[in-house]
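These figures come from a predicted structure and were not determined experimentally. All values below come from the heavy atoms of this structure, side chains included, with hydrogens, waters and symmetry mates left out. In what follows, chains carry the letters A, B, and so on, assigned in the order in which the sequence lines appear, proteins first and then strands, with residues in each chain numbered from 1.
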Amino acid sequence: MKYLPLVFRNLLRNKLRSLLTGGAIGLAMLLVCFFLTMPGGIDRLLSEISSNVRVSVHNKGGVVYDMPYAYVQRVRSIPGVAAVNGEVWFGGAFEEEAMVTFPSFALDPDAVQAMWPDYKIEPIALEKFRRQRDAAIVGRETMKKYGWRIGQQVSLVSTVWPVTLTFRIVGEIPNDRAPHFWIQREYLAQAMQAQDRDLDTVGTIWVRVDDPAMVPSVMARAVEMFRNSPAEVTAETEKSFFASFFGSLQAFVQIILVVTALVALCVLCIAANTASMAVRERSREIAVLRAIGFSRGVIFGTLVAESMVLATVAGGTGALLTYGFSALIRMLAGGSMGSNELGPLTGFLVTPGIVAQGIGLSIVVGLVAGIAPAWGAARRPVAEILREVF
Amino acid sequence: MAEPLISLRDVSRVYRRGADDVHALEHVSLTIESGLFVALMGPSGSGKSTLLNLLSGIDRPSGGDVVVAGKRLNDLSEDELAHWRSRHIGLIFQFYNLIPVLSALENVELPLLLTSFDRRERLQRARTALDVVGLGARARHVPSELSGGEQQRVAIARAIVTDPDLIIADEPTGDLDAKNADQILRMLLELSHELQKTVVMVTHDPRASEWVDLVFHLEKGILKDTFAGAAGKDHVEPRGPAAGTPA
């Protein structure tokens, strides 16, 4: 601690250089943390909206293929199953945008609470959802995105079924990252019947299992149950299901991580160059300090500390600024998850963990950048340095 | 008779320069008693600074023994030498070599960072040292705000603040005008005679012999002559060239 004043004075010796180097490190850490919010978005979304005791049963050919609606009852009979809810992709497009901008499904309102108790939907909203044929429950993210409120009527044009339906929003899923738009299956079925068509298919059968230990056997039984049928199925846990759903983004995430690593490497080179210059310029002073009795360890320690203090303060500041920067980007983007092709990557939600990673990386950058020049200055015999500089 | 503070016996120092060996010092033997003000004189390249480096434990001899304050320096490692210097040696350089970002007080405090004194004790000792050199009022000034003479006095304060046995000065007046040079020499003389510090100084200044007790004259790495300076104390017995001639 007693050497800290010396460390700080040396850092402030060339203010412009320290400022520029610190600025580069801070900016780089801001970018690193900002990039890290993108892959983190998928993980957080999966944690928030998925569960390991919920299982998705869907057509083996892919989620875009239907299954007979009768499958729902048969899956319900599998031992260990606590609840079942079959959903159909409605593909509703909000009239103002004329394209699908949030996921809308028709499902069984009586089995919503049993299937998604963790969503913590208001009981009164669930009751209305059960009673009113045109009721809709909407995720808070979509509610916010369009400025909708409970009680409001919304018309959606289905991009799958030849119908345009008007819904009354009766409740919301209280999660900022929930984009869902749920409607009653019966409402859609009646609209189809009006056109002499039956709604006798289901897209995904959601299953909630009582005991996590029984999940594998329930999935195996479901697959086995429909083997060799016209519509064979596959089953996976909800986390796995959504992870696969976002699989196309994984390559992009890899690129982001590579770019992040390159940014970190770049700033490491900048910090190392600054540390080297600082040591070179102060050869004479270092020689004097060595001559008056400063050991190699103390010289090494103070020089590394200089590099670490600069990198930590600058990098930490940059990491903390990510909160404001990501909020600004979100505001400029005018939307959040699902607003474009990058889906959950564009949540840009900064967590303390990401900031901690940025600060940790800053410390490592300072340490690594300082080690080589500090070691070079500390290990040389003092007589040799004195001969060179005097 | 008490042990001399400094004892060099048959000391040589050879450097490698490319494929050649440079004999900076050859078979030098000398002793220096405590409390003397000693000058090492001689032309450039005569080995004065090399000898100074050996006395201060900055460098190690290629041959012979260097014993200072009862310690044989040949066998100490770099870090052991650094620790030893911090306790026993005060260094003064030609170009002052103060740390430009630190105040006079902080520069003087520097060697005390290597001790176990707390901050209050360190600052008190540093202020006392600055008072000794007459710069107590300039404690908060950084080196660039001080004249050359004042900077050298700060350097002297830095050298004495740990109360070392031996003060080593490498051309301490080389960058000063005559008036400031005299002030510095007087100060070193007072340190030696009044505070009983041993001061060994390398100098080109021919007037230095008027201030010192003893002069060692080197040429081409060989101790050619030893004679008393004008400030010589009664107990100083100059040793003739034989004391420094090759063994």
Side-chain angles (χ1 to χ4, degrees), chain A residues 1-19 274-275 277-303 305-307 309-310 374-390, chain B residues 13 15 17 22 24 49-50 52-54 56-61 77-103 106-119 122 142-143 155 158-159 161-162 164 168 170-171 174:
Chain A
M1 289 298 286
K2 59 186 174 184
Y3 301 108
L4 271 184
L6 184 62
V7 169
F8 285 121
R9 294 294 178 83
N10 280 326
L11 272 177
L12 296 175
R13 170 188 299 247
N14 191 329
K15 291 185 181 67
L16 180 62
R17 185 170 65 197
S18 294
L19 192 69
T274 301
M277 284 198 301
V279 168
R280 246 194 332 271
E281 286 173 5
R282 293 192 342 242
S283 296
R284 178 185 287 257
E285 288 170 31
I286 291 167
V288 169
L289 291 176
R290 294 279 307 275
I292 66 176
F294 279 62
S295 67
R296 287 183 292 194
V298 171
I299 295 291
F300 178 80
T302 52
L303 290 174
E306 257 180 60
S307 173
V309 167
L310 177 63
W375 176 248
R379 78 182 167 84
R380 291 179 63 197
V382 62
E384 186 183 313
I385 313 174
L386 284 172
R387 273 199 299 276
E388 272 181 25
V389 298
F390 292 114
Chain B
R13 183 66 175 97
Y15 298 112
R17 186 174 294 161
V22 178
S49 293
T50 300
L52 213 60
N53 285 346
L54 293 174
S56 57
I58 284 173
D59 201 1
R60 274 173 287 199
S77 68
E78 275 272 328
D79 281 344
E80 286 170 335
L81 281 172
H83 181 71
W84 178 84
R85 283 196 301 274
S86 72
R87 297 296 158 97
H88 298 280
I89 302 291
L91 279 168
I92 301 165
F93 301 93
Q94 178 181 357
F95 298 110
Y96 336 128
N97 289 304
L98 303 176
I99 307 297
V101 291
L102 300 181
S103 67
E106 290 165 330
N107 266 288
V108 177
E109 186 198 359
L110 270 179
L112 295 173
L113 293 177
L114 303 168
T115 67
S116 57
F117 296 133
D118 61 24
R119 179 169 165 71
R122 291 198 304 268
V142 292
R158 183 177 65 186
V161 74
T162 55
I168 299 278
D170 192 357
E171 303 199 38

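- For B/Arg158, the part lying near chain A is the side chain, with the backbone staying farther off; criterion is any non-hydrogen pair under 4.5 Å.
- When each of B/Pro111, B/Ala82, B/Gly90 is checked for heavy-atom pairs under 4.5 Å with chain A, B/Ala82 comes out on top.
- The shortest heavy-atom contact between B/Ile58 and A/Ala291 is CD1-CB, 3.9 Å.
- The part of B/Arg122 that comes within reach of chain A is its side chain, from C-beta onward, which places non-hydrogen atoms under 4.5 angstrom from that chain.
- The two atoms that bring A/Leu303 and A/Ala377 nearest to each other are CD1-CB, 3.8 Å, heavy atoms only.
- Highest contact tally toward chain A, considering only B/Asp79, B/Asp59, B/Thr50, B/Leu91, is held by B/Asp79 [criterion: heavy-atom pairs under 4.5 Å].
- Residues B/Asn53 and B/Arg13 are not in side-chain contact: their nearest non-hydrogen atoms beyond the backbone lie 4.5 Å or more apart.
- Neither the backbone nor the side chain of A/Leu12 comes within contact range of chain B; no heavy atom of the residue lies under 4.5 Å from a heavy atom of that chain.
- Contacts between B/Ser103 and chain A at a heavy-atom distance below 4.5 Å involve the backbone alone (N, CA, C, O).
- Screening residues 89-98 of chain B for salt bridge (charged side-chain N to carboxylate O under 4.0 Å, His left out), with sequence neighbours left out, gives no hits.
- In this structure, chain A has heavy atoms under 4.5 Å from both the backbone and the side chain of B/Leu110.
- What you find for A/Tyr3 and B/Leu113 is that their closest heavy atoms are OH-O, 3.4 Å.
- The greatest number of non-hydrogen atom pairs below 4.5 Å with chain A, out of B/Pro100, B/Ser49, B/Ser56, is found for B/Pro100.
- Within the 4.5 angstrom heavy-atom criterion, atoms from both the backbone and the side chain of A/Arg290 approach chain B.
- Looking only at side-chain heavy atoms (C-beta outward), A/Val7 and A/Glu306 come within less than 4.5 Å of each other.
- Listed by first then second residue, pairs satisfying salt bridge (charged side-chain N to carboxylate O under 4.0 Å, His left out) with a partner in residues 4-17 of chain A read A/Arg9-B/Glu106, A/Arg13-A/Glu285, A/Arg17-A/Glu281, not counting sequence neighbours.
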